[in-house]
Amino acid sequence: MKAAPFEYHVPRELHRALDLMAQLEDARVLAGGQSLMPMLNLRLASPRHLVDLNRIAELSGIREEGDAVVFGAMTRQRAIEFSEVVARKLPLFAEAVRSVGHRQTRNRGTIGGSLCHLDPAAELPAACMAMDAILRVQSTRASREIAMRDFPAGFMTPSLQPGEILTGIVLPPWTGRVGTAFLEYARRHGDFAVVSVAVLLELDARAQISRASVTLGGVAAGPVRMAEAERALIGKRLDEAAIAAAARLCGQIEAMGDPFVPAWYRQQLARTLSERALRIALERAVA
C-alpha cells in the first residue's frame, strides 16, 4: 500500500512549524520517519498535512546545561550513540541507544520521534523513564515542561496538546558511586524488545543502596517504573537475597500478552532480565 494523499510542509524555523501546527487541521509532524512512514504506507495513519521538522537546525544537538544534558528533539540516534558527553555523563542512555534497531534506522531516527511514537517496546522511552527525563514542549500559546512519568497518556499516545511540538529532552545525570545497566530480549538483533530493563543504582559510603531506579519496557502500554522493587532495594547491601527479592517483584508485573508472546512469558523475562541487570549495575558501581 501507499500513503493516502497529504499536503507536505517544510518549515525552516521553529516558529513557522508551530504556526502550521496551530493553523492546519489534522496535521502530523515528521521527525526521522522510521515509524511514521511505515504507518502512512500501511494507512494506519492518514493525516491531511505533514509538517517536516528536518530543516529546523535549532531542534538538533546535544549540549550541557549546568549538570544536565539537553537533547534537541531532532537529534539523531546515531549522534547520541557517538556523543562523548552522553558516554561520559549518561552511560545508561549510551547503552540503551545501541540497542535501537540497526545502524540505518539510527542514522535517521530521532530521540523526539521515538518518544512521541511511544512504542511500548522502544528503548529510548524506557531509558528516559528510568532517568526521570523532563520533556520541553512548545506551541504558539505557551511553552511547558512535562515529566517523563506523565508523558505517556495511553498506548502509543503522548500527552501532547493540539498544536504542541516536543522540542527538547533534559536528562539529569546520576553522580557518585553509580552503576547502570540496560538489557533487553528480542527475537532477532534489531527487533523491538519483547522485554527490556533499565537499572541505575547509587551506593553510599557504606556500600548500601541510597538511590535506585528500575524500569521495564515492552511489558505494558508504556515503560513502567517498578517503584516497589526500588523501595525494596533502598538501604540494602545488594547481595543475592536483595537481588532475588527485587527481581521477584519485577516478575509480578501485570504484563500484556499478544498472539506471539503470552503475558506469563513477559513476566518471566522481566524477572530474569532484572536479576541480571541488577548484578551488572552493582559490579559497575563498585568497580
Side-chain angles (χ1 to χ4, degrees), residues 1-61 71-80 97 100-125 128 133 135-146 148 150-169 190-192 221-223 258:
M1 295 179 67
K2 294 297 180 182
F6 59 83
E7 291 190 37
Y8 180 62
H9 307 267
V10 192
R12 295 179 180 272
E13 295 86 23
L14 176 58
H15 72 86
R16 179 57 182 151
L18 294 172
D19 287 341
L20 288 168
M21 292 300 294
Q23 297 164 7
L24 299 175
E25 184 178 349
D26 190 19
R28 292 280 296 268
V29 298
L30 172 65
Q34 299 304 288
S35 299
L36 180 58
M37 294 311 297
M39 292 179 67
L40 292 175
N41 286 336
L42 292 170
R43 301 205 176 187
L44 297 174
S46 300
R48 292 175 56 188
H49 300 271
L50 206 59
V51 179
D52 189 339
L53 304 181
N54 282 274
R55 308 289 178 86
I56 304 176
E58 63 189 286
L59 289 181
S60 297
F71 300 85
M74 288 295 294
T75 304
R76 306 290 176 188
Q77 294 158 2
R78 190 73 166 160
I80 297 170
V97 77
V100 177
H102 300 276
R103 177 179 297 182
Q104 293 87 342
T105 55
R106 295 195 296 274
N107 282 342
R108 292 294 302 170
T110 65
I111 180 174
S114 180
L115 288 172
C116 290
H117 186 60
L118 267 181
D119 190 290
E123 294 86 357
L124 297 189
C128 284
L135 311 185
R136 295 173 174 173
V137 302
Q138 285 184 237
S139 70
T140 56
R141 303 179 303 276
S143 302
R144 65 186 180 114
E145 294 185 340
I146 308 173
M148 183 62 197
D150 299 323
F151 193 59
F155 181 75
M156 298 178 73
T157 305
S159 56
L160 292 174
Q161 300 298 318
E164 285 186 328
I165 293 176
L166 175 63
T167 59
I169 299 92
D191 282 4
F192 278 120
D258 57 52

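It should be emphasised that the depicted structure is a prediction, and the values quoted were computed from it without experimental measurement. Any value given below was found using the heavy atoms of this structure, including those in side chains, with hydrogens, waters and symmetry copies removed. Positions are given from 1 along the sequence.
Counted within 6.0 Å of CZ on R12, heavy atoms from surrounding residues, nucleotides or ligands total 12 or fewer; the atom is thus considered open. The neighbour count for R28 CZ, taken as heavy atoms of other residues, nucleotides or ligands under 6.0 Å away, does not exceed 12. Atom CD of Q161 is surrounded by more than 12 heavy atoms from other residues, nucleotides or ligands within 6.0 Å.
Separation of atoms CG (L24) and NE2 (H9) is listed at 4.5 Å; rounding is to 0.5 Å. To the nearest 0.5 angstrom, L59 atom CG is 10.0 Å from T110 atom OG1. Once rounded to the nearest 0.5 Å, the distance linking CE of M74 with CG of L166 reads 11.0 Å. One distance of note links CZ of F151 with OG1 of T157; it measures 10.5 Å at 0.5 Å rounding. With rounding to the nearest 0.5 angstrom, the NE2 atom of H49 is 10.5 Å from the CD atom of Q23.
Side chains of P158 and L115 form no contact here, defined as non-hydrogen atoms less than 4.5 Å apart. Side-chain contact between L50 and L36 is present, with heavy atoms from C-beta onward closer than 4.5 Å. Under the 4.5 Å side-chain criterion, counting only non-hydrogen atoms from C-beta, N107 is not in contact with R76. Put simply, the side chain of Q77 reaches to within 4.5 Å of the side chain of L124, judged on heavy atoms. Side-chain contact between V100 and S114: absent, with no pair of heavy atoms (C-beta onward) separated by less than 4.5 Å. Between P125 and H117, every side-chain heavy-atom pair lies at or beyond the 4.5 Å cut-off. The shortest side-chain heavy-atom distance between M21 and T140 does not fall under the 4.5 Å cut-off. Residues L40 and P47 have side chains in contact (heavy-atom distance under 4.5 Å, counting atoms from C-beta outward).
Among all heavy-atom pairs drawn from C128 and I169, the shortest one is SG-CG2, 4.3 Å. The minimum heavy-atom distance linking N41 with A3 is given by the pair OD1-N, 3.5 Å. The minimum heavy-atom distance linking P120 with A221 is given by the pair CG-O, 3.6 Å. Here the closest non-hydrogen pair linking Q138 and S143 is CG-OG, 3.3 Å. G113 and A31 make their closest contact through CA-CB, 4.1 Å (heavy atoms, listed as atom of the first residue, atom of the second, distance). V10 approaches Y8 most closely through the heavy-atom pair CG2-CE2, 3.2 Å.
Not a single salt bridge (charged side-chain N to carboxylate O under 4.0 Å, His left out) links R16 to another residue, sequence neighbours left out.
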**OP:** Would you check, one step at a time, whether the test side chain to side chain contact (heavy atoms under 4.5 Å, CB included) holds for M148 with L135?
**Re:** CA-CA 7 Å; M148 183 62 197; L135 311 185; 3.9 Å; yes
Subject >> Stepwise side chain to side chain contact (heavy atoms under 4.5 Å, CB included) check, L118 with F155 >> reply: CA-CA 8 Å; L118 267 181; F155 181 75; over 6 Å; no
**OP:** Carefully, step by step, assess M37 and L30 under the rule side chain to side chain contact (heavy atoms under 4.5 Å, CB included).
**Re:** CA-CA 9 Å; M37 294 311 297; L30 172 65; 4.1 Å; yes
**OP:** Starting from the C-alpha separation in whole Å, work towards a yes-or-no answer on side chain to side chain contact (heavy atoms under 4.5 Å, CB included) for R141 and E164.
**Re:** CA-CA 9 Å; R141 303 179 303 276; E164 285 186 328; 4.2 Å; yes
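For the side chain to side chain contact (heavy atoms under 4.5 Å, CB included) criterion with I56, the lone passing option out of D52, N54, L53 is L53.
Of the possible polar contacts, one joining the S159 side chain to the D150 backbone as a donor-acceptor pair under 3.5 Å is found. Looking at R43, its side chain does come within 3.5 Å of a backbone N or O of K2 through a donor-acceptor pair.
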